[in-house]
2 protein chains.
Amino acid sequence: MSMRILIVNDDGILAPGIRVLEKAARALSKDVWIVAPETEQSAASHSLTLHEPLRIRRISARRYAVDGTPTDCVYLAFNKILADCKPDLVLSGVNRGSNIGEDVTYSGTIAAAMEATLLGAPAIAFSQDYTDAARVKWATSAKWVPKVVRESLKAGWPEGVLLNVNFPDIAPSAVRGLRVGKQGRHEAADMFEERVDPRGRTYYWVGMADRGNERGAAGTDLRALHEGYVAITPLHLDLTHRSSVTALRKSLG
Amino acid sequence: MSMRILIVNDDGILAPGIRVLEKAARALSKDVWIVAPETEQSAASHSLTLHEPLRIRRISARRYAVDGTPTDCVYLAFNKILADCKPDLVLSGVNRGSNIGEDVTYSGTIAAAMEATLLGAPAIAFSQDYTDAARVKWATSAKWVPKVVRESLKAGWPEGVLLNVNFPDIAPSAVRGLRVGKQGRHEAADMFEERVDPRGRTYYWVGMADRGNERGAAGTDLRALHEGYVAITPLHLDLTHRSSVTALRKSLG
């Protein structure tokens with residue numbers, strides 16, 4: 001029996017990154033489904049659309065667009081589109097831009113993999129780092145996605161855990177290999193701009209900081225990317241800070 | 001010098017839960033600020049509005065509404081409204097409905113506390129459990145918020161950690177006290193409905209499951225609420241699954 005693969009993303013059904021995953025998935029299985037947002041959802045995080053109706057648009061046999069978030073896509077894929085036979089593997093991305101450090105709490109690409117994890121399927125989130133927006137190195141993702149999927153499936157990972165994979169902003173052949181690490185922390189803060197609209201009213205644009213090539217701490221996703229590796233970080237959804245549970249139990253009960 | 005307290009929420013500037021926090025905060029300090037979304041943002045998760053302009057509306061001296069998400073509110077409070085003197089404490093909520101188990105990955109109330117944590121301020125997220133939507137027991141929150149804030153500040157908690165506090169759906173006097181626990185897991189899945197619009201097109205409503213009174217595993221936030229305690233869960237933003245880092249390093253490098 002063929003492995004059923006669901007592909008989802010954050011940048012929308014027309015984004016180049018989704019085609020990279022599609023090609024890699026088709027080399028693994030004939031049963032590949034795509035359910036992705038109609039439009040770009042960046043920084044949609046783990047949003048579920050509760051206050052508005054959602055519509056599913058069937059594009060072709062196994063390709064659907066949803067007018068919602070990446071989380072909505074996974075939710076409707078599991079509960080409606082593929083309700084009779086759930087996916088064996090969920091691939092999210094490839095996101096345009098890295099998702100490392102605390103980015104993982106904002107990222108729609110990772111949120112989709114989180115939702116799949118909550119629904120009981122193994123999931124991998126992929127992101128392609130870039131500095132020059134006009135020259136995102138999709139060839140690097142394209143070369144390395146198949147290897148990551150193949151080797152990760154062979155190695156296996158526990159239920160309730162998802163893999164967060166980031167490709168460095170270098171040529172495919174310059175990549176030094178895979179490196180497993182932990183979630184790091186960005187050095188630079190986000191930024192915003194104050195502007196005035198044509199009617200004289202003030203407004204604000206929030207923007208992710210242009211972080212350049214951060215070095216990060218040893219053993220982190222940031223460091224792996226910085227040193228030219230594919231960064232693989234196993235994430236789980238239990239946010240409990242264990243040592244504080246012990247400490248606070250003593251003082252609060 | 002008075003402690004500067006920032007209050008934010010997910011249910012919007014007019015929600016009853018924000019008044020509960022405001023009253024408790026004013027008993028602690030004269031320097032209380034409110035920056036909250038114009039409208040309800042439930043399940044907005046840790047979204048940052050990147051593709052649209054944001055506007056800040058000044059309602060009174062220390063009260064502002066933002067036409068964005070809870071995360072946007074915290075971001076603009078720290079970087080614009082209170083840029084000269086950042087808050088010493090951020091209180092988020094009180095959310096209408098509990099945020100326990102995997103809810104914490106979706107919740108806008110917790111996302112606001114996460115953003116404050118990323119920006120370096122101690123933060124507490126508050127939620128009031130309910131079953132009857134017409135009779136949310138705000139009196140329970142009102143009675144217990146001051147005690148939680150006072151005792152938590154006395155006990156202290158590490159940088160990078162936030163407190164997630166949930167009040168049980170029982171009368172104020174029936175609450176058995178505070179209990180520190182870990183993040184649990186819901187038993188029931190979310191649900192959705194398929195409907196047809198007046199023009200004959202199919203659409204979907206996603207809804208959080210009506211979970212009733214789940215028992216949860218021992219030591220979790222679910223169990224604490226179930227047994228009539230105020231559930232306090234220390235959360236952090238490092239999602240790394242440590243044992244998988246070790247295991248995957250052996251097989252993937």
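All chains are named by letter (A, B, ...) in the order of the sequence lines, taking the proteins before the strands, and each is independently numbered beginning at 1. Not measured: the values here are computed from a predicted model.
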Item to check | Gap separating the CG atom of B/L153 from the CG atom of B/L163, nearest 0.5 angstrom | outcome: 9.0 Å
Item to check | Straight-line distance of B/L222 CG to B/T220 OG1, nearest 0.5 Å | outcome: 5.0 Å
Checklist entry - Using non-hydrogen atoms only, which part of A/S152 is less than 4.5 Å away from chain B: side chain, backbone, both, or neither? => result both
Checklist entry - Which bit of A/R195 is near chain B, if near means a heavy-atom gap under 4.5 Å: side chain, backbone, both or neither? => result neither
Heavy-atom pairs under 4.5 Å with chain A: which of [options] has the most?
options                        : answer
B/T233, B/D221, B/D197, B/D72  : B/D197
B/G181, B/A247, B/G177         : B/G181
B/V104, B/L237, B/L118         : B/L118
B/W157, B/Y203, B/Y229         : B/Y203
B/I232, B/D238, B/V148         : B/D238
B/K182, B/R242, B/E193, B/E194 : B/K182

Next on the checklist: Could you walk me through whether B/H186 and B/E214 satisfy the side-chain hydrogen bond (donor to acceptor under 3.5 Å, both in side chains) test, starting with their C-alpha distance in whole Å, then the side-chain angles of each, then the deciding distance to 0.1 Å, before giving a yes or no?
Outcome noted: CA-CA 7 Å; B/H186 284 296; B/E214 293 173 295; 2.6 Å; yes
Check whether [X] gets within reach of chain A through its side chain, its backbone, both or neither, counting any heavy atom under 4.5 Å.
X      : value
B/S244 : both
B/V161 : side chain
B/L162 : neither

Checklist entry - Hey, does the Lys NZ or Arg CZ of A/R96 hover above the aromatic six-ring of A/Y130, less than 6.0 Å from the centre and inside 45° of the axis? => result yes
Item to check | Any A/V230 side-chain heavy atom under 4.5 Å of A/F126 side chain | outcome: no
Item to check | Side-chain donor or acceptor of B/Q183 paired with backbone N/O of B/L235 under 3.5 Å | outcome: no
Checklist entry - Counting N and O atoms only, with roles assigned by atom type, does the side chain of A/N166 sit under 3.5 Å from a partner on the main chain of A/N99, one being a donor and the other an acceptor? => result yes
Please determine, among [options], the option with the most heavy-atom pairs under 4.5 Å with chain B.
options                       : value
A/G160, A/A155, A/G101        : A/A155
A/I56, A/L76, A/T240          : A/T240
A/T246, A/L54, A/N164, A/L239 : A/L239

Next on the checklist: Which label fits B/Y75 and A/F192: parallel for a plane angle under 30°, tilted from 30 to 60°, or perpendicular past 60°?
Outcome noted: perpendicular
Item to check | Ionic contact status for A/E38 with A/R55, cut-off 4.0 Å | outcome: no
